[in-house]
Amino acid sequence: AEEVTLQLKWVTQGQFAGYYVAKDKGFYEEAGLDVTIKPGGPDIAPPQVIAGGGADVIIDWMPSALASREKGVPLVNIAQIFKSSGMMLTCRKDSGITSPADFKGRTLGVWFFGNEYPFLSWMSKLGLPTEGGADGVTVLKQGFNVDPILQKQADCVSTMTYNEYWQIIDAGLAPEDLLVFKYEDQGVATLEDGLYVLEENLKDEAFVSKMAKFVAASVRGWEYAAANPDEAAEIVLENDATGAQTEKHQQRMVREINKLVAGSDKGIGFLDPADYQRTVDVLLGNASTPVITKAPEGAWSHAVWNISQGQ
Amino acid sequence: MQNVAVKAEPAAANRSAGNSVVETEQLSLTFQTADGPVYALSNVNLTIEQGEFVSFIGPSGCGKTTLMRVIADLEQPTQGRITVNGVTPRDARLNRAYGYVFQAPALYPWRQVDRNVTLPLEIMGLSKDEQAQRAAQYLELVNLKGFEKKFPWQLSGGMQQRVSIARALSFEPDLLLMDEPFGALDEITRDHLNEQLLRLWEKTQKTVVFVTHSIPEAVFLSSKIVVMSPRPGRIIDVIDCNLPPDRTLDARETPEFLEIAHRVREGLRAGHSYDD
Amino acid sequence: MQNVAVKAEPAAANRSAGNSVVETEQLSLTFQTADGPVYALSNVNLTIEQGEFVSFIGPSGCGKTTLMRVIADLEQPTQGRITVNGVTPRDARLNRAYGYVFQAPALYPWRQVDRNVTLPLEIMGLSKDEQAQRAAQYLELVNLKGFEKKFPWQLSGGMQQRVSIARALSFEPDLLLMDEPFGALDEITRDHLNEQLLRLWEKTQKTVVFVTHSIPEAVFLSSKIVVMSPRPGRIIDVIDCNLPPDRTLDARETPEFLEIAHRVREGLRAGHSYDD
Amino acid sequence: MTLRINSLAVFLLLAALSVVIDSQLGGFTWFSGVSATVALSIASLCALWCLWNGRGGAQAAGVAVAGLLAGAFVPLAAIAAAAEGQTGFELGVGLWLYLFALAFVAWRAMALLSDLRGASPQASTVFALLVPALFGFWLLYLWQVLVEGFGVPRVLLPSPSAIGEVMGGSTGTMWADFYQTFIKSVIPGYLMGCGAGLLVAVLVDRVPFLQRGLLPLGNFVSAIPIVGIAPVMVMWFGFDWQSKAAVVVIMTFFPMLVNTIAGLAASGRMERDLMRSYAASYFETLLLLRLPSALPFIFNALKINSTLALIGAIVAEFFGTPIVGMGFRISTEVGRMNVDLVWATIAIAALSGSLFYGGLAMLERSLTFWHPSYRRRGG
Amino acid sequence: MSGKTGPVAVMLLVIVLIWYAGAVYLNAPRLIDGYERNDTEWTFGQLTDDAWAMERPILPAPHQVLVEMNDTILGKKITSKRSLVYHSWVTISSTLLGFAMGTALGMLLAIGIVHVKALDKSLMPWVIASQTIPILAIAPMIIVVLGAIGLTGLVPKSIISMYLCFFPVTIGMVKGLRSPDPLQLDLMRTYSSSASQVFWKLRWPSSVPFLFASLKVAIAISLVGAIVGELPTGAQAGIGARLLVGSYYGQTIQIWSALVTASILAGLLVALVGVAEKFVLRHMGVIHAGGAR
Ligand SMILES: Nc1ncnc2c1ncn2[C@@H]1O[C@H](COP(=O)(O)OP(=O)(O)OP(=O)(O)O)[C@@H](O)[C@H]1O
Ligand SMILES: Nc1ncnc2c1ncn2[C@@H]1O[C@H](COP(=O)(O)OP(=O)(O)OP(=O)(O)O)[C@@H](O)[C@H]1O
Ligand SMILES: Cc1ncc(C[n+]2csc(CCO)c2C)c(N)n1
Ligand SMILES: [Mg+2]
Ligand SMILES: [Mg+2]
C-alpha cells in the first residue's frame, strides 16, 4: 500500500472525525493507502512539519497557510474540507458589550500561533488598534482554555462553534449570559481546515494520484461522519491515546463540525474560488499588520480534487 | 564571662573550701562501631579542684581526648556520673565555663587569623575595640604578630596550632581544656609558651586540664598528673607535683623534678603494651 | 617500585660513590599572598647523600615543610636549583622515588584504616595478597592491630598519625620524607617507633628526611641534623651525628649525645626570635 | 604533547585526502575557486608552521587561530559558489571530510589558547574569555555551514547569519520582550524563590519536626512539572508578569531548599564542637559557621536556579500572556513561520542567562575563595 | 522511619486543610456570580458544599481529585488508555531512559571538564548557555528533526529529558570532583598516580555526596522533561498528554489528578535516589563523618 502521513492541526478530536472514520472504516485501505495520522498540539506548526519532511499532507487554516507560503513554505490547497468558518468571539453580556462598537478599551482573548490572522483582519476592518489603550483593544494571548472569560480576566474570548463555546456552557454560563460574534456574520470569515501539500510534489503524478485517492477516501469518511455522528465520535474517542476526551463533548463537536463541512454544492472538499478570493481579500484588507502583502499565486489547485472525483 | 562575674562570691568561697571543678564517678564510655564496641573509658574516678593544673598523660588512643570531650559535654558518658562546676557538663557548657583547645587546630578557612581569634569574642558579645585589643594581645603572646591578615591555609602547622591556642585564651575562661596544645611546636617556642601559660595560671588562678605526651612538660606545668592506661582508659596513677610556684625552666634540672618525671614514666610504662 | 628495581644497578653504583639524593643550590621560595609576599625559604644549599638520615629542626613556621614539599615536587621554588636522585623533582616524583608522611594525617574518610594503608599499593599495582600482607605488617609495626576495619574518624589523633606512617612505609620507598611523624604520640610509643625506624633504616639503607621538634629524637635518629633559622628559612648549622649504628635508647644518656643535643639547642636558640 | 602535534598533522592529512577524493570523484571541486585556494593554502601553511614551531605561547596560538579562520572560509566560499539547488553531498563528500578535519585545528587552537597566561590579571581575563568565544564561534560556524550546505529549510532551522539579521532588525520588540520577561518576571521571582528556599531550609533545619514532616512532602511538591503549574498560576495570578514570577518562585524553591539543607550539614565535626564549646546559640552557630560552610552549596543552587528561572518564566508565558514577552514571542512566532525571530529570542535568552550565571560565578569566587575547589597551594 | 510518619501525617493534614479552604476561596467568586445571576439565596454552608463539588472548579477539592485518581488508577485496567497507571508508565519509561542518558552525559562532561583544561575553559560556558534555551521552544523542533530521521516514540522524549537533567549532574559533579582537600591531592601526587587513579581513588569518592544531591534534582527535572516532551509529540500518551488535554478541555479535576500523580511519581523517584544515597554513603562510611575531617 502507498504510505501517506497526515499532520493534524490539533489534538485528536471531533474536528478531525472524517479522517479517523476513513481510517477506522477501512476507506483508506480500500483505496490502497496506508495512512498515518499524526495528532498536533499547541506548539506543532503543521507547515513546519511538512517543510521538515515529517508529513505528506497537512491540515491548516488558509490564512496561516498563505502566510507560510509567503515565508517560503510553498503550500498548495488541494481540498477545502470546511466550507464555512467556526470562529467566533464570545463575550459576557454583563460586561456591557452589545456590538463590535463597544470593543474599544476592552480586553479580548485571542489565539496566536498563526490563528490570530482572522482576528487581526477584523480589528483592522473595525479600525481598532490592538496595542491596548482607551482607543484600541487590549489583547491577551489566550491559553488552552476559556478560563479568562470565566474569571472575568477578559471581556471576550475566541471560541469555536464546535469546541470552546461549549466549554463555557459546561462551566456554568448560560447561553443567555453570552453574546457571540461569528466571523461569518461579521463578514470577516476566512477558510479553515483544508488539506495542503508542498507545491513541488504536485509536479509528481504519482503523488497527485495518491493524494487524489486520499482526498476521495477522506471525503467518504466525512460523509459517513455526517450520517453517523455518534459513531464517528466513538471512533474519535477510540483513537484518542490520552483517554481524556469525553463522549458528550465529542458527540456535540462532531455535530457542529458537520454543519461547517456541509454546504458545498460540488460536494465535500471542493475549494470554491470565490471563497478563496474572499479569504484573500479579508487578509489583504488588513493594512496595519499585514498577514500577506500581495495576492498569492498558485496557492490552490483543483488538480487533485478533479482526479478524486473520478475515483 | 558575665556569668562568672555574677558568681564571683560563691566562686571565691569555693576556692577556699577547695571545691571541685570537675568530679567524675565510675565514668565509662563505649563507642559503638560497625565492627563492635570500642571501650574508650572505664570507671574513671577523678576530682579536679578549683585552681589546679591537671595533666593527662597516657598512651596514644587511651581515651584522653574522650575524657576531655566528656567534661566539655561534647560526648555523653554511657555510665557513671560527672559534674562540672557542681552542675552537669551541659549546664556548665551553657554557662561558658571553659575554653577548649582541640587536638587539631579547627580554624575556619574563610576567616583571617585575627578573625579566627575574635570568633568566641563575637559570640560572647564583646565590643569591637575589646575584640581587636584581645586578638592583638594573644596573637602577640603566641608570637604570631604580623600574621593577622593571613588565612589559615597560609600558615604552617605549628602556626595554626598557636592560632587555636590564642583563640581559646582570648576569652579568658576560668577552666581551660587543652588537648596537646604544644604538640607541633619546636622546643624553644614550646618552652616559651610553657612559661607564659604557667605565669597566666599563677596570676589568674584558672583551672587547667591539659593533655600532653611530654613528661617534662607535664611535670613542669602541673600541680597534678593523671596517668592513664591503654584502652579501655583507666586512671592508673595520680601524682601530685609540688614544685615551687615561681619556678622557671631551670626547675627541670632539680632532683624533685627528675623524681616525679621518673614516677610518671614508670606509671606509663607499667600500663603500656610494648612491655608485654 | 618497579622503576626503582630497574635502576638497581646505577643506584648501587651511586651509593658507593656517595652520590647525592637531594642537592639544592641557592634555593629560595616566596609565597605571594594578598597582603604581600611571605619569604619561606632563602638561599638554601643542601646536599643529602644516599643512605643518610637527615633531620630538619627549626622554629615553627621557618620553612621545614616547605622545603620538604619542594623536594617532593609539591611546591615550585622561585629561585635556585634542586635535583632529586640526579633528576628534577618532577621526574623523581614520576619515578615514585619517595614516600611522604604529611604533617597532618590526610587519611581518606571513606576508606577504612587498612584500605588507607593499601592505597599506594593499589596505585602501584601490587597483588591483593601482597597488599593485605603489607597492610597487616605495617599496621602491626605501628601497633594498630585490631583497628583495620575502623574509619579514620573513629581513631584518636595519634592513631591517625600512625596510620599515615604505616601508609608511607608500606610501599617501601627508597627515600622517606617524614614531616613530624611522631608529633602526636606519647613518649613510649614514640620511643618504640624511633627504634623501629632506626632498625628499618639500618637494615634497608633508605635515605630518610625527617622533620622533628624533639632535639633528643633528632640526635638519636639522625646521621645529620640541619638547623634552620626563622623566616625566611635559612640553614644556620649542619651537625654531623655519629652515634654508634646499633645504638639503643640508652644512648641518650651518653655524653656525646648530650653534647650534640646541646649544640643543636644552641643553634636553635641563636636563630630564635625569643632571645631578642 | 604527542596529541597536540598529531591534531594538526591529522588536519593536514585529512584536508589533503578530502581534496584528492573530490578531484578524483570529479564532482563539484569546491576548493578550486581563487579565494578558496588562497584560504586553503594559508590554513595549511599556518598548520605547518605550528607543527614545526608551535610548542605553545601566544605566537603559536595566534597562528593557529589565523589558520582556523582562513580554513573556515573555504567551505563558505565553496557553498556560495555552488550551483543553485546544489546541497548536501552533491557539494562533495570531501567538503564534509574537510570540515571534520578543520575541527582538529579548532581543538588545537583552543588548547593553545587555554594554556596562555596573561602578564596582568586583565590580560588573563581576556585570555580566559577567548577560549569559550572561539568555541562558540566554532559552533556557530558549523551551524552556518551545515544549514547552508545541506539546504535546511529556513522554517526548520535558520542560519546564524539570518538570525543575526533579524536581531538587528527588530531591536524594539526584543527589548520590550526582554523587559517584560527578564526584568518584570524573572528577577522578582528569582529573589523570592531563592530567599524562601533559604529561609525554609533554615527553618526546617531548626525545627526537626518540620524536617521530618515537610521535607518528604517537599520532594513531592517539588516535582510538579512547570507545564502543570503554569496554567494554574495563570488561573490564580492573572495574565501578567505576576503569574510568571509565581512559577519562577516555585521552580527555584526546591533546588535552594535541598542544597541549603545539604550545605548546613556540611560543616565539620570539630568546627561544630568548637561552637558548642562556646555555648554559641543556634543562631550564632548558623551565622558564623554553618552558613559560611554552606555557601558553596548555596551558590550551587543559585547557579542552577539562574537558568531554571529564565526557562520557567519563558515557559509560563506559553500558557497565556499579554502579547509581549520572550516566551510569548517564542511560542507564537513558530506558528507564523518566523523561526528566525524565535531563534533570535532564544539567543537573547541564552545570552542574558549566561551573563546572569557568569555574574553569580564571579560572586561565588569572591565569597568562597577559601573552598578547596578554588584554592591552589602557593597561590 | 516511624519517626517520620507522625510529622508527615500532621503536615499532610495541614496541607489538606489549607487546600480545602483554598478551594472555597478560589471557587467562590464564580459560584456567587452564578447565584446572583439566578437570583438564588445562598448561605456559606451551601457555598462550601458547592465549591467542593463543582464539575469544573478552579481548584478542585482534595476528595474530588482522590475520587478521580481512584477511578483512573484502580478503576481501570492498567492497559486501558483511561488508566493513569498506563500513562504513568509511559512517562516513567522515558523519564528513566532520559535520566540514565542525562546522568551519563553529565558525568562524562564533568570528567572532561575537570581533566582537560581546554574543555574546562571552552565547554563550561556553553553547557550553561544550553540550559538557558527554553526547552519547550526547541522541543517541537527536536521532535520534528528526529522524526525526519525516523526516530519516534520513546527516544525523542528521553532526549528532551536528558537535555534538561544532565546539567545539574555536570555542575554538581564538577564541584564534587574538585572538592578534595589540597593535601589529599598532594598525597596522590607523591605516589605519582595517574589521572585515572586520582579519579577513582580520590575525586570520585569525594564527589559522591555532591553527585547524589544533584541526582535528586536531576531525576525530578527528568520527569519534567519527559512530560514536556510529551506535549509536542501530539499528546499521544503519558501524564503530559493528560495534562495538556485536560487543560484544553478545562477539566481541572483531571489536570489536578495528573499533577498529583506526577508529583507522587517524582517524590517516589527522589526517595529512591535518597535510599541509594543512604546505602552508598553508609557503605562508604562517610555518613557519620560530618564532613571530610
Ligand atoms: N567517634 C568515635 N567512634 C568510635 N571510636 C572512637 C571515636 N572516637 C574515639 N574512638 C576510640 O576511642 C579511643 C580513645 O580515643 P581518644 O581520642 O580519646 O584517644 P587519646 O587518648 O586522645 O589518643 P591520642 O593521644 O592518640 O590523641 C580510641 O581507641 C578511638 O579509636
Ligand atoms: N600556601 C601558602 N601561602 C602563603 N604562605 C604560606 C603557604 N604555605 C606556607 N606559608 C608560609 O611559609 C612559611 C613556612 O611554612 P612551613 O609550613 O614550611 O613551616 P614549618 O617550618 O613547617 O613550620 P611548622 O613547624 O610550624 O610546621 C610560614 O610562614 C607560612 O606562613
Ligand atoms: C494555545 C492555542 N493555540 C491555538 C489554538 C487555536 N486552535 C488550534 S486548532 C483549533 C481548532 C479548535 O479546536 C483552534 C481553535 C488554541 N485553542 N490554543
Ligand atoms: Mg587525643
Ligand atoms: Mg610544618
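These values consider heavy atoms only, across backbone and side chains, with no hydrogens, waters or symmetry-generated copies. All chains are named by letter (A, B, ...) in the order of the sequence lines, taking the proteins before the strands, and each is independently numbered beginning at 1.
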d(C:I188 CD1, B:H213 NE2) to nearest 0.5 Å is 11.5 Å
Give, as side chain, backbone, both or neither, the part of B:F151 having an atom under 4.5 angstrom from any heavy atom of chain C. neither
Over 12 non-hydrogen atoms of neighbours within 6.0 angstrom of CD in B:E259: no
For B:T65, which atoms come within 4.5 Å of any heavy atom of chain C: side chain, backbone, both, or neither? neither
Given 3.5 Å as the limit, does a donor-acceptor pair link the side chain of C:D186 with the main chain of B:S60, or not? yes
Tell me which of these, B:C62, B:G61, B:A34, has more heavy-atom pairs under 4.5 Å with chain C than the rest. B:G61
Whatever's closer than 4.5 Å to a heavy atom in chain B on C:E187 counts as both
For C:P216, is it the side chain, the backbone, both, or neither that has a heavy atom closer than 4.5 Å to a heavy atom of chain B? side chain
Quick check on the interface: out of B:G158, B:S156, B:A184, B:S214, who has the most heavy-atom pairs with chain C under 4.5 Å? B:A184
Indicate yes or no: at least one non-hydrogen side-chain atom of C:V38 is less than 4.5 angstrom from one of B:K150. yes
